[in-house]
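What follows is a short report on a single structure.
All ligand and atom numbering here is 1-based and tracks the order in the structure.
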Amino acid sequence: MRAPIALEQKKPKETAPMSNVHVVDHPLVQHKLTLMRDKVVSTKGFRQLLNEIGMLLAYEVTRDLPIEMVDVETPLARMKAPSISGKKLVFAPILRAGVGFLDGMLNLVPSARVAHIGLYRNPETLEAVEYYFKAPADVADRLVIVMDPMLATANSAVAAIDRLKARGVKDIRFVCLLAAPEGIARLTKAHPDVEIWTAAIDEKLNDHGYIVPGLGDAGDRMFGTK
Ligand code: PRP
Ligand code: URA
């Protein structure tokens with residue numbers, strides 16, 4: 001039998017409160033993330049992998065959705081079978097890079113509604129600047145899953161969640177691919193009710209607010225911009 005391989009990853013420098021954080025350590029997610037980190041992966045490959053991981057993360061973030069037993073008639077008999085009950089979903093990608101998760105997530109939950117939240121980071125101040133917001137009219141009655149591959153300073157995530165709460169949303173989850181300990185600490189402090197799902201927690205932020213070792217600029221790598 002093959003000996004288990006130890007994961008050799010540098011530990012995050014800062015310790016953030018982790019009780020709100022779910023690290024999705026499924027081998028498929030980890031393998032695909034490693035492929036995405038590689039700087040030689042193509043734009044097409046990067047987008048495809050983000051889409052695939054989006055589907056796998058959707059599976060994890062919806063794991064505890066409430067179910068109810070409903071009547072169903074199979075070709076052989078009537079039975080009671082489980083069906084998702086309770087609040088309906090809204091997927092809320094933070095533009096641009098959050099869009100990379102969207103198709104994968106919609107493949108799993110095709111009936112979900114979508115809210116688009118347009119934000120970019122001011123490169124000097126790292127503050128989030130809003131340029132677009134459009135959400136379903138009944139967003140306040142739904143469970144909203146905010147998605148963005150990168151949780152760096154968390155300025156974007158906090159601004160997106162502030163905006164949703166201002167619209168009356170009470171039930172919010174946040175999904176990302178990579179998180180910095182600094183971003184987790186800030187998001188958890190600003191919105192302690194919002195649980196976070198991530199594929200990995202990296203070591204730190206650099207002086208420009210980029211996650212290290214990270215994968216670079218997610219939006220640029222997805223769309224081939226600079
Ligand atoms: C990136 C990324 C996040 C944000 C994360 O977006 O996609 O939205 O930075 O950083 P933060 O946690 O420090 O806010 P960017 O502003 O580069 O915009 P883009 O997705 O349009 O490229
Ligand atoms: N945004 C990105 O795309 N990458 C980072 O490392 C930080 C913010």
| task | Assess the side chains of E195 and H22: does a donor N or O sit below 3.5 Å from an acceptor N or O? | result | yes
| query | Is there a nitrogen or oxygen of P149 sitting under 3.5 Å from a nitrogen or oxygen of ligand 1? | reply | no
| field | Identity and separation of the nearest protein heavy atom to atom 2 (C) of ligand 1 | value | D148 OD1, 3.6 Å
| message | Tell me whether the NZ or CZ atom of R96 lies within the 45° cone about the ring axis of F101 and under 6.0 Å from its centre. | response | no
| request: Return the residue, atom name and 0.1 Å-rounded distance of the protein heavy atom closest to atom 5 (C) of ligand 2. | output: Y210 CD2, 3.3 Å
| field | N/O separation below 3.5 Å, R121 to ligand 1 | value | yes
| remark: In this structure, atom 13 (O) of ligand 1 is nearest to the protein heavy atom T153 OG1, 2.5 Å
| Top protein contact for atom 4 (C) of ligand 1, by heavy-atom distance | S156 OG, 3.5 Å
| said: Below 4.0 Å, non-hydrogen atoms only: which portion of A152 touches ligand 1? Side chain, backbone, both or neither. | reply: both
| Protein heavy atom at shortest distance from atom 3 (O) of ligand 2 | A218 N, 2.8 Å
| For atom 6 (O) of ligand 2, the protein heavy atom that lies nearest, with its residue and separation | I211 N, 2.8 Å
| Test item: F133 and R167 side chains (from C-beta on) under 4.5 Å apart, heavy atoms | yes
| query | If hydrogens are left out, which of G216, P149, G214 has an atom nearest to atom 4 (N) of ligand 2, that is, the closest non-hydrogen atom? | reply | G216
| remark: shortest atom 19 (P) of ligand 1-to-protein heavy-atom contact is with R96 NE, 3.6 Å
| task | Would you check if there is a donor-acceptor pair between the side chains of T225 and D220 at a distance under 3.5 Å? | result | yes
| message | So is R221 touching ligand 2 or not, going by heavy atoms under 4.0 Å? | response | no
